[in-house]
Amino acid sequence: MANVERTVAVIGAGAIAGHHFGAIAGMKGLRACAVADLNAVRAEELAAQFGVAAYRDYREMIRSERPDIVAIALPHYLHKEAALFAASYGCHMMLEKPMALSAAECDEIIHAARLADVRVLVGHTQHYMAENIMAKTMIDSGAIGSLVMMNDIRHMDYYRSSRPDWFLEKTKSGGGILANLGTHSIDKIQWLAGSAVRKVNASVSYHGSRGNVEGSGLVYLELENGMPATIAQAGYNGAARNETEIIGTKGMLKLMTGDSLWVSTGGPYEQVDVPRSAAPFELQYGDLLQAIAGGGETSCPPKYGRDVIRVLETVYASAASGKEQYMEGEDATSM
Ligand SMILES: NC(=O)c1ccc[n+]([C@@H]2O[C@H](COP(=O)([O-])OP(=O)(O)OC[C@H]3O[C@@H](n4cnc5c(N)ncnc54)[C@H](O)[C@@H]3O)[C@@H](O)[C@H]2O)c1
């Protein structure tokens, strides 16, 4: 097993592609072979940097290279068509989040992956970040008692000029800050709590300087285990923030994802010593490789990616109707 080397072809040479290539380069058992992007300059730059072949057409790349794994790092509206094509060539998939534009599209991907008997990891990076892993370990060990609530806050300039236009077009992105970053928060809350969302109440606003997607959202969630949680996200001008407060009966955690973790069991927060782990994308690829070798599911299988999309759809349904919405009997059982 140790000598097996799997090849990876990356579709999309945009902002996140370098993280994929960087992880692949640092791992045994993986070798990047190609990159495809409609933007030939971007594809060729990455190809030169990582010593792989460049293509404009991802279909041609898959037909020629026959990679073991395809990493799909495309605008959201293209995830489904690329995933179906990759599955039709028997390729395993590292499929960026959010999984697709709708639960119906996710179903098509799930069906195609099953038929082709290929493994899929949906890139819910939250599961692989060192501070988050430590927070999960502390929660599961009972360090802060039984969970009472979580409050997740994220602010950033969502309309910065460097953001590609497709992120701000609803038909291409599926939504604004909540579709892009809110899906991280939905995932983080469900995963940390080990419980699926069952009820949603949400408000959104549309005051962006570009496009037609929401620029903020305030979301109240209730999980199957009864725990309430909030997500507050704003993409207008102001100070950036990324903070999750996790409150239990015996203490609290303050999780600054990608930065630090803090604990209080009385008195002010104290910083937790977080052991350094491999980079999140390396852990993601390790997870996928293990599933390929063992024939089982990844830790973020497509069924779970679909569950996150279902919650997002319910968030938008609540915001549109002005009423709380239930998850219609579906749950995220595959966390
Ligand atoms: N896991 C994370 O933390 C994380 C972070 C950033 C982005 N993402 C996700 O990664 C994906 C890509 O995001 P990004 O920021 O890299 O976007 P991006 O716009 O920077 O890159 C997308 C690339 O796809 C190319 N492209 C568009 N249509 C194509 C086609 N038909 N064939 C080939 N190439 C095509 C574009 O030219 C562009 O270079 C999205 O799903 C996004 O949500 C995940």
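Every number for a ligand or one of its atoms is a count from 1 in the order of the listing.
Of the residues listed (Asp152, Asp187, Leu255), the one engaging Leu192 in a side-chain contact (heavy atoms from CB on, under 4.5 Å) is Leu255, and it is the only one. Test Leu288, Leu74, Ile109 against Leu95 for side-chain contact (heavy atoms from CB on, under 4.5 Å) and you get one pass: Ile109.
Of all protein heavy atoms, the one lying nearest to atom 28 (N) of ligand 1 is Leu78 CD1, 3.3 Å. Residue, atom and distance of the protein heavy atom nearest to atom 5 (C) of ligand 1 are Ile16 CD1, 3.3 Å. Of all protein heavy atoms, the one closest to atom 17 (O) of ligand 1 is Trp166 CZ2, 3.6 Å. When hydrogens are left out, the protein atom nearest atom 32 (N) of ligand 1 is Leu38 CG, 3.6 Å; that is the closest non-hydrogen contact. The protein atom (non-hydrogen) at minimum distance from atom 41 (O) of ligand 1 is Lys97 O, 2.9 Å. Looking only at protein heavy atoms, the nearest one to atom 39 (O) of ligand 1 is Arg42 NH1, 2.4 Å. Of all protein heavy atoms, the one lying nearest to atom 21 (O) of ligand 1 is Gly14 CA, 3.2 Å.
Nearest to atom 11 (C) of ligand 1 by heavy-atom distance, out of Ile72, Leu95, Leu181, Leu74, is Leu74. Considering Ala43, Gly18, Ala15 only, the shortest heavy-atom separation from atom 14 (P) of ligand 1 involves Ala15. Which of Thr125, Val35, Val10, Asn39 comes nearest to atom 3 (O) of ligand 1 through a heavy atom is settled by distance: it is Thr125.
Between Phe281 and ligand 1, no pair of N/O atoms sits closer than 3.5 Å. Between Asp37 and ligand 1, at least one N/O pair is under 3.5 Å apart. The shortest N or O to N or O distance between Glu96 and ligand 1 is below 3.5 Å. Residue Arg56 has no N or O atom closer than 3.5 Å to an N or O atom of ligand 1.
Here is the list of ligand 1 atoms found below 4.0 Å of a heavy atom in Gly123: 1 (N). Every atom of ligand 1 is numbered from 1 in the order shown, and the set under 4.0 Å from a heavy atom of Asn180 is 43 (O). Heavy-atom proximity to His76, at under 4.0 Å, picks out these atoms of ligand 1: 40 (C), 41 (O), 42 (C), 43 (O). Below 4.0 Å from some heavy atom of Pro164 lie the following atoms of ligand 1, by number and element: 19 (O). Of all atoms in ligand 1, listed by their number and element, those nearer than 4.0 Å to a heavy atom of His79 are 41 (O).
Contacts between His184 and ligand 1 below 4.0 angstrom, taking non-hydrogen atoms only, involve the side chain exclusively. For Asp57, no heavy-atom contact with ligand 1 is shorter than 4.0 Å.
A parallel orientation is assigned to the rings of Tyr159 and Tyr236, their planes being inclined by less than 30° (bins at 30° and 60°). Ring geometry for His127 versus Trp191: interplanar angle under 30°, hence parallel rather than tilted (30 to 60°).
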Might you work through the side-chain contact (heavy atoms from CB on, under 4.5 Å) test for Val4 and Leu289, ending with a clear yes or no? CA-CA 10 Å; Val4 174; Leu289 281 179; over 6 Å; no

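Judged purely by atom type and a 3.5 angstrom limit, Ser318 has no side-chain atom pairing as donor or acceptor with the backbone of Val315. Judged purely by atom type and a 3.5 angstrom limit, Thr7 uses its side chain to pair as donor or acceptor with the backbone of Asp68.
A donor-acceptor contact closer than 3.5 angstrom links the side chains of Trp262 and Ser260. Between the side chains of Glu169 and Tyr77, not a single donor N or O lies within less than 3.5 Å of an accepting N or O. The closest side-chain donor-acceptor pair between Asn201 and Lys323, if any, does not fall under 3.5 angstrom.
No salt bridge links Glu60 with Arg63; every basic N to acidic carboxylate O contact stays at or beyond 4.0 Å.
In this structure the side chain of Tyr128 reaches within 4.5 angstrom of the side chain of Ser299, judged on heavy atoms.
In this structure, Ala73 is part of the shell of residues with a heavy atom less than 4.0 angstrom from ligand 1.
For Tyr89, the ring pair (Phe, Tyr, Trp, His ring centres under 6.0 Å) criterion is met by Phe85, not counting sequence neighbours.
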